[in-house]
Number of protein chains: 2
Amino acid sequence: MTTVRTPTRNRGNRRAEILAAAATLFAARGFHGVSIEDIGAAVGVSGPALYRHFSGKEALLAEMLLDVSSRLRESAAAVVTARTGPEETLDALLDVQIIFALEQPALITVHDRELGNVPEPQRRQIRRLQRLYVEEWVTVLAELHPGCPPPRLRAATHAVFGLLNSTPHSAGELSARAMRPLLRAMARAAIGASAATG
Amino acid sequence: MTTVRTPTRNRGNRRAEILAAAATLFAARGFHGVSIEDIGAAVGVSGPALYRHFSGKEALLAEMLLDVSSRLRESAAAVVTARTGPEETLDALLDVQIIFALEQPALITVHDRELGNVPEPQRRQIRRLQRLYVEEWVTVLAELHPGCPPPRLRAATHAVFGLLNSTPHSAGELSARAMRPLLRAMARAAIGASAATG
DNA sequence: CGGTTACGTTAATGATGACTAACATCGTCC
DNA sequence: GGACGATGTTAGTCATCATTAACGTAACCG
């Protein structure tokens, strides 16, 4: 009755459940600070059960980061190909990053800390997606600030990410509802200032 | 002749050397991703030699973070007690953080990632220093933006830290020389925007 | 000199942890 | 009703690692 229809249905849920739990733990204690047993315990199974779903701890991390960087990149690409004005596009990009950071702080944290623990085949791919994501931003910024050299735009983009991803650190200070417009306003202003000569 | 005068002189150097090497390694691979043997190798001695200088791995981390948070807090306190106008004070605070982030990226990285691995007696003290540091900022910001609720100021402060500490991520994009004014301008603008109603 | 102190070294030792093996359970499908 | 596949379980196994032990060495001090 309450049992599940298809095994496949369950498999997906369990995998997602594990990935979510692992993200939280990795964000809190770092990849090497979390054991397979810890992750299992977090979803109510114990230890080696995880090997029914992932080929290993590193594979789990790889899938997690690949998923995050794909989603970010796809969202950004969608926004950009919508081809509105650069101002509106920038706003949409800001929304993508802000909403993601507010809704998935653990994933964001892991995403920019643990790439070094992903084994080589997939590491390259994640890097590639991250780079593409940054380039979407840089392209839009270049339209808004023509004449600003790309390295400067890239550095500014990273700085804005740092600003937006600060969310996990100020957890509890402000509600997500209040955080969103604050981050938005600060990011916009910071971007505006990045155009100045220096 | 080239031998050292006092043993105490050498001890300090070695300790500092170890702390610096450990900071770099911790920043790159995380506390649990670095072994005592790794740290020893980085300074040319091997493994257990470190126990001549530190009582253990956690103690090493604790001293490192205590040192960073003390220095930041002291610098901020000095700037604030200088009692110039709030605008100038804010500029000086920005300089403190920017220079530190540009000159010691590894320390900054470890400082906001690895507090969780410091054992309890000292963890509390580090937290206290970090809180005091933030409060120096909040006090100054409150003067500049009266009527802005403190939680909002705190969130804005953390966001600015995130922006400034992005340096390790954009390493290589821009020289420190070019980075400094960029970060400064972006941070000032972001702070200015944080006052708006939201 | 003889002893102490500072600093290293190379072997244990004892935990912890990733991963594997061998063995259930239990729907689903024929 | 029995085979199968998906999913767990518990008991190894084998590395890695923090920490300790036991043992040099060499500078300095008396």
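Heavy-atom basis, side chains included; hydrogens, waters and symmetry copies ignored. Letters go in sequence order (proteins before strands), and every chain restarts at 1.
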Response to the item:
For A:F161, the ring pair (Phe, Tyr, Trp, His ring centres under 6.0 Å) test, sequence neighbours excluded, returns A:Y133, A:W137
Practice prompt. Figure out the OH/P separation between B:Y51 and D:dC23, and round it to whole Å.
Written response: 21 Å
Worksheet entry | Atom-pair distance (CG on A:L25; C1' on C:dG17), nearest Å | 15 Å
Item to complete: Starting from C1' on C:dC7, measure out to CZ on B:R15 and report it in whole angstrom.
Response: 14 Å
Worksheet item: Between A:E74 and A:R71, is the closest basic N to carboxylate O distance under 4.0 Å?
Response: no
Worksheet item: What is the distance, rounded to the nearest whole Å, between atom CZ of B:R52 and atom C1' of D:dT25?
Response: 12 Å
Fill in: Those residues of residues 55-66 of chain B lying under 4.0 Å from DNA chain D by at least one heavy atom
B:G56, B:K57
Discussion item. What is the distance, to the nearest angstrom, from the CG atom on A:L50 to the P atom on D:dA6?
Written reply: 18 Å
Practice prompt. Just do the salt bridge (Lys or Arg N to Asp or Glu O under 4.0 Å) check on B:R131 and B:E135 with the steps written out, would you?
Written response: CA-CA 6 Å; B:R131 198 165 17 240; B:E135 290 313 311; over 6 Å; no
Practice prompt. Look at A:E143 together with A:R83 and state whether they make a salt bridge at an N to O cut-off of under 4.0 Å.
Written response: yes
Discussion item. Can you see if the side chain of A:H53 gets near the phosphate of D:dG8 - specifically, an N or O under 4.0 Å from OP1 or OP2?
Written reply: yes
Worksheet item: Which of residues 30-49 of chain A sit near DNA chain D, with a heavy atom under 4.0 Å from it?
Response: A:V45, A:S46, A:P48, A:A49
Fill in: Heavy-atom check, side chain of B:L60 versus side chain of B:I36, under 4.5 Å
no
Item to complete: Using distance alone, with no hydrogens and no angle criterion, decide if B:S35 and B:D38 have a side-chain donor and acceptor under 3.5 Å apart.
Response: yes
Worksheet item: Is any side-chain heavy atom of B:H111 closer than 4.5 Å to a side-chain heavy atom of B:Q130?
Response: yes
Worksheet item: Should we say atom CZ of A:R154 is surrounded by more than 12 heavy atoms from elsewhere, each under 6.0 Å from it?
Response: yes
Discussion item. Would you say A:R14 places a side-chain N or O within less than 4.0 Å of OP1 or OP2 belonging to D:dG8?
Written reply: yes
